[in-house]
Amino acid sequence: MRYTSMEKSACGVGFIASRKGVFSHDQLVQGLNALKRVEHRGACAADQITGDGAGIMTDIPFELFGFERDSTAVATLFVPVDPERRRTALHVFENTFQFEGLNILGYRDVLVDISVLGSEALKSIPHTVHAFIERPDECRTDLSFDKLLYAAKQKTRIKQNENGIPDEFFFASLSAKTIIYKALTRSDALEKYYPDLQNPSFKTRFVLFHRRFSTNTRTSWDKVQPFRLIGHNGEINTIAGNRSWANSREKMLGVKPEQLLTQERISDSGSLNEMIEALRYRSSIPNVEDILALMIPPSDQSNNFYKFWSRAMEPWDGPAFISYCEGNNIGARLDRNGFRPCRWMRTRDHFYLSSEAGTFDIPASKVLGKGTLYAGRGVTVDLNSGYVHFRDPSHSREHHNAKFDPRLLTLEESPPPEGPSHLDRMHLFNYTDEDLKNVLYPMILNGREPIGSMGNTARLAVLSDQPRSFFDFFYQNFAQVTNPPLD
């Protein structure tokens with residue numbers, strides 16, 4: 001990868017949303033311009049052209065596609081370039097969706113300009129197709145339609161694997177409300193690669209944009225963000241544990257492997273998106289705002305809402321700044337550590353949010369308010385009413401006076417047992433004063449997580465000629481990354 005003094009190890013992400021429910025091409029232009037201004041948040045390959053990826057999520061431009069709004073869903077598909085394999089992949093796609101009662105009305109080959117791609121991107125370029133899916137009569141709400149689409153998507157992925165097309169078929173987007181355009185390009189090349197984005201008929205109420213910086217996974221077309229629901233700036237440092245929990249839930253629910261998460265061939269951000277999808281479409285939690293709160297809980301909230309959900313979902317720890325949209329609401333959330341910057345600005349007509357200031361050109365006279373998101377906090381914008389709120393989901397109208405019983409009991413304190421304490425045997429395990437004061441005592445007395453230095457210049461225990469604790473031979477495997485606010 002190539003780095004310059006202006007590049008930072010954090011993605012560029014944000015959105016613009018109309019507060020008047022207005023569909024406009026000008027908003028698309030503003031979103032694309034904002035994407036260009038976070039180019040320094042990405043990186044390029046050796047060819048100086050292939051980026052880690054850039055993309056946007058918008059309303060589906062039904063006027064451009066020639067379909068009536070709310071009658072059709074659109075799937076953006078990355079399919080094999082080879083005609084025969086593409087035919088096989090689309091045949092599997094059609095059969096699976098039709099089995100679920102979803103009729104494919106037709107396809108549209110997405111016009112692209114490959115001249116803007118670098119040599120590295122050209123080596124793995126997919127063929128991009130829009131599939132138009134008829135809305136069944138029984139799906140009277142967007143959520144019920146999206147749930148059916150999700151079920152068909154999960155089964156299609158398994159069928160594609162069975163037919164030997166595991167890595168060449170990918171749902172870039174699948175929704176009755178939103179669509180995603182993304183590519184392995186630099187920010188300024190995205191609209192050139194997709195001429196659709198230059199068409200005045202392309203109108204939208206919002207644009208969620210993302211410029212990727214590849215950290216712990218090698219970049220590829222499918223890993224470019226945004227994903228189907230979110231755009232993520234940061235890393236999930238607990239990803240191995242989170243994926244293991246998902247794997248155990250698959251066994252508990254009796255579903256086939258990779259029905260909740262794709263255990264391989266996906267980034268940590270991709271797994272986060274898949275779990276959000278699973279909770280939204282498989283559970284009774286319809287709001288992405290609530291799902292993000294229980295997956296990425298704040299550190300200073302101890303009410304029954306969070307106590308209850310802590311028993312059902314383990315935290316997905318960042319650093320993480322998540323932007324999201326499901327077609328009716330758009331918003332963002334910062335994880336409990338707050339290691340990713342997030343700036344917002346509100347005018348009479350729009351709400352703007354970005355991973356840094358200066359992304360949008362807004363005259364100061366039009367600004368009604370501006371600020372930053374803090375650790376464990378979020379913001380939601382209703383795309384239909386334009387209402388903006390920063391409240392914690394545990395205090396929402398839906399949860400007011402609701403009973404969240406975690407069914408936890410506090411054990412009574414008991415006197416220490418009589419007899420030997422075995423403290424004289426601590427030397428057998430090489431416990432030090434630092435281990436006792438910083439690790440064991442806080443955990444035993446206060447139930448707090450231990451705090452210690454991440455730096456360790458000592459040689460590995462297995463190579464040491466000094467007596468070492470048994471536990472020094474084992475270490476947690478996690479992604480250690482740079483956090484700009486700390487640097």
Side-chain angles (χ1 to χ4, degrees), residues 8-15 38 41 208 210 213 215-216 225 229-239 241-242 268-269 272-273 275-276 287-310 313-324 329-346 351-357 359 369-381 388-396 399 442 446-454 478-487:
K8 307 295 182 181
S9 53
C11 304
V13 60
F15 64 79
V38 293
R41 291 286 190 143
L208 188 155
H210 193 286
F213 184 96
T215 50
N216 50 26
Q225 296 193 47
L229 284 176
I230 68 164
H232 175 207
N233 171 15
E235 292 74 35
I236 302 299
N237 280 330
T238 54
I239 191 61
N242 295 136
D268 54 346
S269 304
L272 176 65
N273 178 85
M275 180 53 74
I276 293 172
N287 298 323
V288 179
E289 176 190 18
D290 293 356
I291 294 170
L292 287 176
L294 65 94
M295 290 183 64
I296 309 174
S299 61
D300 58 349
Q301 290 283 353
S302 59
N303 57 38
N304 284 338
F305 175 85
Y306 287 106
K307 287 181 180 178
F308 174 84
W309 283 113
S310 68
M313 174 59 60
E314 65 287 341
W316 289 58
D317 270 336
F321 160 35
I322 311 294
S323 58
Y324 68 89
N329 298 283
I330 190 170
R333 186 173 181 86
L334 203 60
D335 81 317
R336 56 184 169 182
N337 297 307
F339 287 159
R340 285 293 182 264
C342 178
R343 308 287 189 267
W344 61 267
M345 186 164 48
R346 176 170 49 194
F351 187 89
Y352 306 88
L353 182 139
S354 179
S355 51
E356 59 192 88
T359 308
K370 59 182 178 179
T372 183
L373 284 189
Y374 297 101
R377 298 295 184 267
V379 60
T380 299
V381 182
V388 180
H389 69 77
F390 294 86
R391 62 145 199 263
D392 188 271
S394 64
H395 302 146
S396 69
H399 300 144
N446 303 315
R448 294 170 53 188
E449 294 186 7
I451 298 176
S453 172
M454 294 177 65
F478 70 102
Q480 181 174 339
V481 298
T482 300
N483 295 312
L486 291 184
D487 294 344

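Numbers here are sequence positions counted from 1.
- To the nearest 0.5 Å, atom CZ of residue Phe305 and atom CG of residue Asp290 are 5.0 Å apart.
- Considering only heavy atoms from C-beta on, Met313 comes within 4.5 Å of Met275 through its side chain.
- The aromatic rings of Trp344 and Phe390 are tilted relative to each other, their planes meeting at an angle between 30° and 60°.
- The two residues Gly234 and Ser269 come nearest to each other via the heavy atoms O-OG, 4.5 Å.
- Minimum heavy-atom separation, Gly376 to Pro298: O-CB, 3.7 Å.
- The distance from the CZ atom of Phe339 to the CG atom of Asn233 is 13.5 Å, given to the nearest 0.5 Å.
- For the atom pair CG (Asn337) and CG (Asn237), the distance works out to 9.0 Å, reported to the nearest 0.5 Å.
- Between His232 and His210, the closest heavy-atom pair is O-NE2, 2.9 Å.
- With no hydrogens or angles considered, a side-chain donor-acceptor pair links Asn303 and Ser394 at under 3.5 Å.
- Interatomic distance, Leu272 CG to Ile236 CD1, rounded to the nearest 0.5 Å: 5.0 Å.
- One N or O on the side chain of Asn242 and one on the backbone of Pro315 form a donor-acceptor pair closer than 3.5 Å.
- Of the charged side-chain nitrogens involved, none lies within less than 4.0 Å of a carboxylate oxygen, so that Glu356 and Arg340 do not count as a salt-bridged pair.
- With hydrogens and angles ignored, the 3.5 Å screen pairs a side-chain donor or acceptor of Thr238 with a backbone N or O of Asp317.
- Under the side-chain contact (heavy atoms from CB on, under 4.5 Å) rule, Phe321 has a single partner from Ile296, Asp335, Leu353, which is Leu353.
- The pair Arg333-Glu289 does not meet the salt-bridge criterion, since no charged nitrogen lies less than 4.0 angstrom from a carboxylate oxygen.
- For the atom pair SG of Cys11 and CD of Glu235, the computed distance is 7.0 Å after rounding to the nearest 0.5 Å.
- When atom types are taken as modelled, the side chain of Ser323 and the backbone of Gly231 share a donor-acceptor pair closer than 3.5 angstrom.
- A donor atom on one side chain and an acceptor atom on the other are found under 3.5 Å apart for Asp392 and Tyr306.
- With rounding to the nearest 0.5 Å, the separation of CH2 in Trp316 from CG in Leu292 is 11.5 Å.
- For Arg343, the salt bridge (charged side-chain N to carboxylate O under 4.0 Å, His left out) test picks out no residue, with sequence neighbours left out.
- Heavy-atom minimum distance, Leu334 versus Gly338: CD2-CA, 3.9 Å.
- A donor-acceptor distance shorter than 3.5 angstrom exists from the side chain of Arg41 to the backbone of Ser355, with no hydrogens or angles considered.
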Given the rule in the side-chain contact (heavy atoms from CB on, under 4.5 Å) test, do Leu229 and Tyr324 qualify, once you have shown the distances and angles that lead to the verdict? CA-CA 6 Å; Leu229 284 176; Tyr324 68 89; 5.6 Å; no

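- Partners of Tyr374 according to the ring-ring contact (aromatic ring centres under 6.0 Å, His included) rule, which considers only residues two or more places apart in sequence or in another chain, do not exist here.
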| field | From CA spacing to verdict: side-chain contact (heavy atoms from CB on, under 4.5 Å), Val379, Phe351 | value | CA-CA 11 Å; Val379 60; Phe351 187 89; 3.9 Å; yes

